[in-house]
4 protein chains.
Amino acid sequence: MSGTIAARGRIEKRQAIVDAAFAVFARAGYAQAGVDVIAAEAGVAKATVYSHFGDKENLLREAIAASADQALARNLATIETLTDHSDDIRASLERVGIRLLECYCDDRSWALRRLLSAEINQFPDLLDIIHTRAAERVTEALADRLARLTVAGHLHTPAPRLAAEQFFALLTGPMDTRARLGTRHVPNSERRAVARAAVHTFLQAFTPKPVGTPSRRSDT
Amino acid sequence: MSGTIAARGRIEKRQAIVDAAFAVFARAGYAQAGVDVIAAEAGVAKATVYSHFGDKENLLREAIAASADQALARNLATIETLTDHSDDIRASLERVGIRLLECYCDDRSWALRRLLSAEINQFPDLLDIIHTRAAERVTEALADRLARLTVAGHLHTPAPRLAAEQFFALLTGPMDTRARLGTRHVPNSERRAVARAAVHTFLQAFTPKPVGTPSRRSDT
Amino acid sequence: MSGTIAARGRIEKRQAIVDAAFAVFARAGYAQAGVDVIAAEAGVAKATVYSHFGDKENLLREAIAASADQALARNLATIETLTDHSDDIRASLERVGIRLLECYCDDRSWALRRLLSAEINQFPDLLDIIHTRAAERVTEALADRLARLTVAGHLHTPAPRLAAEQFFALLTGPMDTRARLGTRHVPNSERRAVARAAVHTFLQAFTPKPVGTPSRRSDT
Amino acid sequence: MSGTIAARGRIEKRQAIVDAAFAVFARAGYAQAGVDVIAAEAGVAKATVYSHFGDKENLLREAIAASADQALARNLATIETLTDHSDDIRASLERVGIRLLECYCDDRSWALRRLLSAEINQFPDLLDIIHTRAAERVTEALADRLARLTVAGHLHTPAPRLAAEQFFALLTGPMDTRARLGTRHVPNSERRAVARAAVHTFLQAFTPKPVGTPSRRSDT
DNA sequence: GATGAATGAGACTTCATTCAT
DNA sequence: TATGAATGAAGTCTCATTCAT
């Protein structure tokens with residue numbers, strides 16, 4: 001094929017380093033993370049890390065980008081299941097909400113967000129990586145689906161982007177305190193309850209008014 | 001007159017150190033923050049920092065606790081203005097929402113949250129400091145007020161604690177992305193818009209049903 | 001009488017500081033000994049130590065000198081009991097030997113010697129303090145007594161100074177290894193055995209030859 | 001061939017560090033010795049010292065152990081020359097005594113003993129290193145030889161271990177004061193005199209009694 | 001290409017000493 | 001006079017990074 005055994009080994013080593021780097025960064029923070037430790041955890045020599053990534057800063061970027069890509073993929077896959085095939089909009093939203101919360105509460109997701117918060121002053125471009133690669137696209141994807149559901153008459157979201165933001169807020173906001181920024185495990189049942197409450201509030205606000213009934217003014 | 005500039009009292013020096021410490025920790029992160037820098041910024045010798053706080057770790061705790069106390073005070077003061085004296089519940093909530101967002105978007109608040117996220121793995125007890133001292137009490141205070149407004153007939157929040165959580169979520173959730181975790185300044189007008197949208201959604205969900213009108217079942 | 005209450009307090013404090021200093025120096029070594037610790041152990045403030053002794057180095061000197069004086073006094077008192085009143089020279093020497101070993105094995109004596117060894121490079125004059133104040137005078141005092149015993153016909157020490165040195169050597173030499181430089185406690189019985197063996201060897205060498213027998217030349 | 005001055009092998013560097021460490025520790029004491037200074041004296045970077053020895057404490061141990069091994073070797077080699085090949089036991093003992101005193105009075109030996117005294121409180125295990133590695137074995141080796149000389153009829157030491165202790169005591173005891181713990185140089189002639197006096201006294205005590213023979217052989 | 005070894009810069013922390021009360 | 005507070009200098013140790021094999 002395309003790769004010799006040696007080349008395959010190199011790529012695999014690179015992947016092992018990125019994985020180890022994310023794990024160590026997440027555990028210890030950027031500054032406290034030792035390149036020795038990362039190298040050891042990846043099973044390579046310290047100099048090998050440098051030959052692959054140049055310096056520690058770049059290693060952080062790559063690790064974060066890889067982690068963001070993973071999170072993006074899972075979130076998009078979940079959102080794509082939100083179609084207008086079903087008539088029970090509440091059940092659909094709850095199912096999607098629960099799965100989005102699963103993504104949000106994944107250990108790697110918490111670690112990614114914490115790392116981002118931690119290093120945003122030192123490396124402001126990290127946020128761009130994340131936002132353009134993941135957060136923004138997820139919100140937009142959800143907004144797209146809400147728009148289609150509105151068109152289909154299942155919802156009433158005249159400002160789909162704002163509605164998407166609020167949907168995420170209602171889902172994840174209560175988790176931040178409950179999960180103690182990812183330090184505490186939140187049981188499935190509690191996650192489901194939060195998701196149901198979020199969907200309930202969301203639907204109160206964004207359910208289409210029955211036809212023929214004079215509706216109140218909508219907001220901006 | 002007891003104090004010249006050179007001869008500040010011990011307490012003043014302690015306060016200066018705490019302030020400088022929070023500023024430097026917020027700017028550089030715990031590990032990267034140099035005690036030299038903190039001391040210089042506080043206008044004292046490095047050893048003085050140690051004589052006051054023992055070690056860097058304890059200094060972080062004190063700085064965080066002080067900052068959390070400040071944030072708590074501002075939030076509580078705001079929430080206390082949410083009374084049932086006015087008939088215009090929407091206006092009241094919007095006013096409170098806007099002021100809560102001001103607290104939330106204050107530079108020190110962002111810094112506090114980022115610092116917390118950053119160091120939670122190394123210092124898990126920080127979260128306890130914050131949660132018991134600030135976050136929990138703010139949420140409960142808001143829940144209290146929502147309950148009173150419900151009793152007064154202005155709202156319908158059968159689960160005030162959950163409603164309070166959602167109110168905060170609707171307010172602050174959209175800010176996280178818009179403010180880029182505090183890196184980007186969000187103009188007043190945008191903050192007001194977020195607050196209004198949050199209050200609108202909140203009221204859709206928690207406005208008392210008109211008397212004599214059959215209401216839909218609420219979920220669990 | 002001569003001192004006011006305040007003055008008496010000062011002198012007592014000075015003594016307390018010297019005692020504490022010796023204890024701490026002995027325990028931790030000069031460099032590792034903290035003036036804080038000495039002050040605390042003496043029950044005074046750190047600055048008081050400085051007002052009494054000027055600096056740490058001088059404090060060491062005073063502490064060592066005081067300790068050397070104590071050791072000197074005990075040794076001299078013991079040696080003075082070595083008279084020619086008794087006919088049993090062996091018993092006399094053994095009694096003195098045992099009591100000299102008690103002095104030598106006292107915790108403070110070990111500490112003094114260790115401290116001296118430790119700091120002799122940094123403070124060469126310490127040795128002068130000790131030697132002129134104590135060691136030299138003890139050896140000379142013993143040499144005096146050996147000379148008188150020789151004159152009285154109980155011993156034969158044509159070179160009393162050398163004999164005194166060897167007496168001390170036979171006594172203390174075996175103790176160094178047995179007591180592990182003062183770290184290990186040597187039981188009384190063992191000390192007595194060492195003293196008896198020392199006296200035995202000493203007497204083999206320095207017992208006067210029987211009268212009427214042609215004696216061999218003694219060496220220098 | 002392989003090693004230029006700049007590129008000494010790892011083992012050579014290690015040896016250079018140990019040597020420098022012993023020199024600096026001996027000169028300044030453990031606490032006052034700077035790792036910087038040791039590194040500079042060894043011609044390596046400070047961090048290299050740490051990569052080899054972990055920490056300063058361990059460096060002390062290794063330096064002391066190395067020095068003790070050297071001293072042991074010299075002492076054992078000397079003692080091994082004490083055979084029963086010669087008939088002149090006095091000359092043999094004097095020769096060995098002089099050479100043992102040379103070992104004892106070597107600068108490194110003094111330094112080793114001073115260092116040991118100095119740090120025994122902080123590092124009690126140092127004494128075990130020395131005792132098991134050197135002191136004990138030297139005394140035992142001498143005791144062995146004294147026993148063989150007794151068997152051969154040249155000496156009479158029914159308790160060889162004690163006799164060995166006393167031989168060392170008579171040799172080294174007088175040196176401690178004369179050499180001022182190694183601070184003062186003792187001329188060869190004086191060392192020889194001490195050795196002769198020691199041997200004289202030793203022989204007075206441990207010469208075999210003539211069996212049925214009228215007079216003993218005269219000494220030198 | 002991968003690695004063991006080395007290093008320079010810098011971090012936290014301590015401590016003898018001084019000063020104003 | 002005695003002291004609490006402050007400090008500058010110094011020390012141990014770590015770590016990201018490079019170089020020769």
Side-chain angles (χ1 to χ4, degrees), chain A residues 4 6-7 9-10 13-14 30-39 43-59, chain B residues 2 4 6-11 13-14 17 30-39 43-57 59, chain C residues 4 6-7 9-10 13 30-39 43-57 59, chain D residues 2-4 6-11 13-14 17 31-39 43-57 59:
Chain A
T4 69
R10 183 166 168 82
K13 273 189 179 170
R14 186 187 167 92
Y30 173 74
Q32 305 272 37
V35 178
D36 311 46
V37 179
I38 294 173
V44 300
K46 192 164 35 160
T48 306
V49 175
Y50 281 89
S51 91
H52 276 269
F53 295 94
D55 63 1
K56 194 184 178 186
E57 192 175 322
N58 193 52
L59 182 54
Chain B
S2 60
T4 70
R8 287 177 295 169
R10 180 152 229 256
I11 297 184
K13 273 190 179 163
R14 186 185 167 93
I17 294 170
Y30 174 75
Q32 303 272 35
V35 178
D36 312 43
V37 179
I38 293 173
V44 301
K46 199 176 5 173
T48 305
V49 175
Y50 282 91
S51 99
H52 276 268
F53 295 95
D55 63 2
K56 195 185 176 185
E57 191 174 321
L59 181 53
Chain C
T4 70
R10 184 166 168 81
K13 274 188 180 172
Y30 174 74
Q32 304 273 38
V35 177
D36 311 47
V37 178
I38 294 172
V44 300
K46 192 166 33 163
T48 305
V49 175
Y50 281 90
S51 90
H52 275 268
F53 295 94
D55 64 2
K56 194 185 177 186
E57 191 175 321
L59 182 54
Chain D
S2 65
T4 70
R8 286 176 298 170
R10 180 152 227 256
I11 296 185
K13 274 189 179 163
R14 187 187 166 93
I17 294 171
Q32 303 272 35
V35 178
D36 313 43
V37 179
I38 293 172
V44 302
K46 198 177 6 173
T48 305
V49 175
Y50 282 92
S51 98
H52 276 268
F53 295 96
D55 63 2
K56 195 185 175 185
E57 191 175 322
L59 180 53

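Naming: A, B, ... by sequence-line order, numbering from 1 per chain. Just the heavy atoms: all of them, side chains too, but no hydrogens, waters or symmetry mates, feed the values below.
Atom pair A/Glu57:CD and F/dT17:P shows a separation of 9 Å (rounding to whole Å applied). The nearest whole Å value for the distance from the CZ atom in A/Phe53 to the C1' atom in E/dG1 is 15 Å. Atom CD1 of D/Ile11 is separated from atom P of E/dG4 by 16 Å (rounded to the nearest Å).
Minimum heavy-atom separation, D/Ile17 to D/Ile38: O-CG2, 4.1 Å. Shown here for C/Ala31 and C/Lys56, the closest heavy-atom pair between the two residues is O-NZ, 3.4 Å.
For DNA chain F, if you chain together Watson-Crick or G-U pairs that step i with j, i+1 with j-1 and so on, the runs of at least three with distances under 3.5 Å are E:2-21 with F:2-21.
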Given protein heavy atoms under 4.0 Å, the one-letter contact record of nucleotides 6-12 of chain F, with B base, S sugar-phosphate only and - none, is simply BBB-B-B
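Interatomic distance, D/His52 NE2 to D/Leu59 CG, rounded to the nearest 0.5 Å: 11.0 Å. Once rounded to the nearest 0.5 Å, the distance linking CZ of D/Arg10 with OG1 of D/Thr48 reads 8.5 Å.
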